[in-house]
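Reviewing the structure listed below.
Whatever order the structure lists them in is the order used to number ligands and atoms, beginning at 1. Hydrogens, waters and symmetry mates play no part in the numbers below; they use all other heavy atoms, side chains included.
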Amino acid sequence: MDVMTAILTRRSEQKLAGPAPSPEEFRYLLKAASCAPDHGMLRPWRWLLMSGDARDALAAALAEDNGKSIEAMRAKTRRAPLLATLVFSPDPVSPVPEWEQMAAVSAMATSLMLLLHARGFGSIWRTGAQLDAEPVRKLLDLDQPERALGWLYIGTVEPGRPTRRRQAPDVGDRLKIFSAPY
Ligand SMILES: Cc1cc2nc3c(=O)[nH]c(=O)nc-3n(C[C@H](O)[C@H](O)[C@H](O)COP(=O)(O)O)c2cc1C
């Protein structure tokens, strides 16, 4: 799949079943995604993969935080066979400002989503108010200044579902050709 097709046909997928990439395949795709632009090549991120019953530990942490039932939270964490938590691990002493480090994480994550899509996997990046909840931080073993940036839900879109090719928006009003005032 060429890059233009990958970009125009990738969509956030709510309904995802198996199969999901194996840890080895995820690692392979991540290696490529880590070639995204990254000032200082700091790679200020890490991923935590959860599948099978291991997803229930996150459900328990979410339930502990919001007081809802573990079953209700399990229904969320089991929406895809692979749950990949994206952790931002900024380098606090680097001369590269934190916002640039965050931008590098976003570039890597977008590249990964496109690579997953090109390989036949669907994904959606989900966030929410509970990312900073103490039980979640504890489960993910987050140390300051780390913070979770969300979960990539990964799996396979149901077979036969038509592609939802995007109509690329007209962004002409966001573009100006600068001409020097002299
Ligand atoms: C940082 C980030 C956080 C997101 N959080 C959520 C979320 O919590 N729930 C959700 O349904 N989608 C979430 N999304 C997905 C967007 O809603 C989705 O990309 C947008 O609607 C455009 O749809 P598309 O990805 O199919 O083009 C998130 C996307 C990004 C980049």
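Put simply, the side chain of W125 gets close to the backbone of L149: a donor and an acceptor are under 3.5 Å apart. Using a distance-only test at 3.5 Å, with no hydrogens or angles considered, a donor-acceptor pair links the side chain of Q101 to the main chain of D91. Here the side chain of R164 pairs a donor or acceptor atom with the backbone of S12 at under 3.5 angstrom. Side-chain N or O atoms of D38 include one that pairs as donor or acceptor with a backbone N or O of R43 at under 3.5 Å. S51 places no side-chain N or O within donor-acceptor distance of the main-chain N or O of P81, the cut-off being under 3.5 Å. Side-chain N or O atoms of R78 include none that pairs as donor or acceptor with a backbone N or O of A75 at under 3.5 Å. At distances below 3.5 Å, not a single donor-acceptor pair connects side-chain atoms of R10 with backbone N or O atoms of I7. Checked by atom type and distance alone, the side chain of E158 never pairs as donor or acceptor with a backbone atom of A17 at under 3.5 Å.
Counting heavy atoms closer than 4.0 Å to ligand 1, residue R166 contributes side-chain atoms (C-beta onward) but none from N, CA, C or O. No part of L149 comes within 4.0 Å of ligand 1, judged by heavy-atom distances.
Within a 4.0 Å radius of atom 5 (N) of ligand 1, the protein has at least one heavy atom. Atom 27 (O) of ligand 1 is flagged as protein-proximal [any protein heavy atom, distance under 4.0 Å]. Within a 4.0 Å radius of atom 20 (C) of ligand 1, the protein has no heavy atom.
Atom numbering of ligand 1 starts at 1 in the shown order; those under 4.0 Å from a heavy atom of R10 are 24 (P), 25 (O), 27 (O). Within ligand 1, the atoms closer than 4.0 Å to a non-hydrogen atom of I124 are 11 (O), 12 (N), numbered from 1 in the order shown. For ligand 1, the atoms closer than 4.0 angstrom to any heavy atom of R11 are 24 (P), 26 (O), 27 (O).
Considering only non-hydrogen protein atoms, atom 11 (O) of ligand 1 sits nearest to R126 NH1, 3.6 Å. Looking from atom 18 (C) of ligand 1 to the surrounding protein, the closest heavy atom is S12 OG, 3.4 Å. Regarding atom 15 (C) of ligand 1, its nearest protein heavy-atom neighbour is W125 O, 3.6 Å. Residue, atom and distance of the protein heavy atom nearest to atom 8 (O) of ligand 1 are T127 N, 2.8 Å.
Of the polar atoms of R164, none of the N or O atoms is found under 3.5 Å from an N or O of ligand 1, judged by distance alone.
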Legend entry - Evaluation steps, salt bridge (Lys or Arg N to Asp or Glu O under 4.0 Å), between E71 and R74: CA-CA 5 Å; E71 282 65 38; R74 197 179 279 150; 3.8 Å; yes
